[in-house]
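The structure appears below as structure tokens.
Side chains are part of it too, since the values below use all heavy atoms of this structure and drop only hydrogens, waters and symmetry mates.
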Amino acid sequence: MRRHRTGAAVLAVAALALAGCGADSSASTSAAPDLKVTGAYMPAPSMDTMAAGFFTVTNSGGADTLTSVTSDLSGDVTLHATKGGAMEEKKSFAVPADGTLDFASGGNHVMFENLTHQPKQGEKVAVELHFAKSGTVKVSMPVKSATYNPKTGH
């Protein structure tokens, strides 16, 4: 009888320990996202109907998803990925936990179509990034020269 109780106690302690491990790992994956948007810019568009936008989302918390982008500049703003030179529209982009999501020339980008006006260098475009968990993040996207390179600042 004593052996049975000792075995049951050992099993109970093991179960609690495993439950505690499970709780710790799920707590870290369910942490709230902590997003910061930097480096936003729009190259001055050469056409009066389309423009592109770029930025970086840095996340120091749990995972999130960029689900859409809106702007008064366009009623038709879409998310795109570029892989192997081919542009593909995406419904959303994952923002990894403790990671970054880059929108850069030649890669992921936001496409503004049917512009309300052609923004000129020096203007700022108001943009709202919509995230599944973090909600809406407002960004002021400065219009830079058409040949702007964020690495050189020119």
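Under a 4.5 Å side-chain heavy-atom cut-off, the cluster of Ile, Leu, Val, Met, Phe, Trp and Tyr residues that includes M50 is completed by M47, M87, M111.
Using a 4.5 Å heavy-atom threshold, the side chains of T65 and F93 count as separate. Side-chain contact between P119 and P45: present, with at least one pair of heavy atoms (C-beta onward) separated by less than 4.5 Å.
Among residue pairs with one or both ends in residues 112-121, those qualifying as side chain to side chain donor-acceptor pair (under 3.5 Å) are H117-E123; sequence neighbours excluded. Within the structure, salt bridge (charged side-chain N to carboxylate O under 4.0 Å, His left out) contacts touching residues 60-77 (residues at least two apart or in different chains) do not occur. Sorted by first and then second residue, the side chain to side chain donor-acceptor pair (under 3.5 Å) pairs with a member in residues 92-112 read T56-D102; sequence neighbours excluded.
In this structure, T82 has no side-chain hydrogen bond (donor to acceptor under 3.5 Å, both in side chains) partners at least two apart in sequence or on a different chain. S60 meets the side-chain hydrogen bond (donor to acceptor under 3.5 Å, both in side chains) test with D34; sequence neighbours excluded. Residues passing the side-chain contact (heavy atoms from CB on, under 4.5 Å) test with S140 are K124, sequence neighbours excluded. For the side-chain hydrogen bond (donor to acceptor under 3.5 Å, both in side chains) test, residues two or more places apart in sequence or in another chain that qualify with H80 are T78. Applying the salt bridge (charged side-chain N to carboxylate O under 4.0 Å, His left out) rule to E88 yields the partners K90; only residues at least two apart in sequence or on another chain are considered. Scored by the side-chain contact (heavy atoms from CB on, under 4.5 Å) test, A44 finds V143 as partners (sequence neighbours excluded). Evaluation of the ring pair (Phe, Tyr, Trp, His ring centres under 6.0 Å) rule for Y41 yields F54, Y148 as partners, not counting sequence neighbours. The ring pair (Phe, Tyr, Trp, His ring centres under 6.0 Å) test applied to F112 returns no partner, not counting sequence neighbours.
Listed here is the closest heavy atom pair of H130 and L66: O-CD1, 3.5 Å.
Between atom CG of residue L115 and atom OG1 of residue T49 there is a gap of 6.5 Å, rounded to the nearest 0.5 Å. F131 CZ to T67 OG1: the interatomic distance, rounded to the nearest 0.5 Å, is 8.0 Å.
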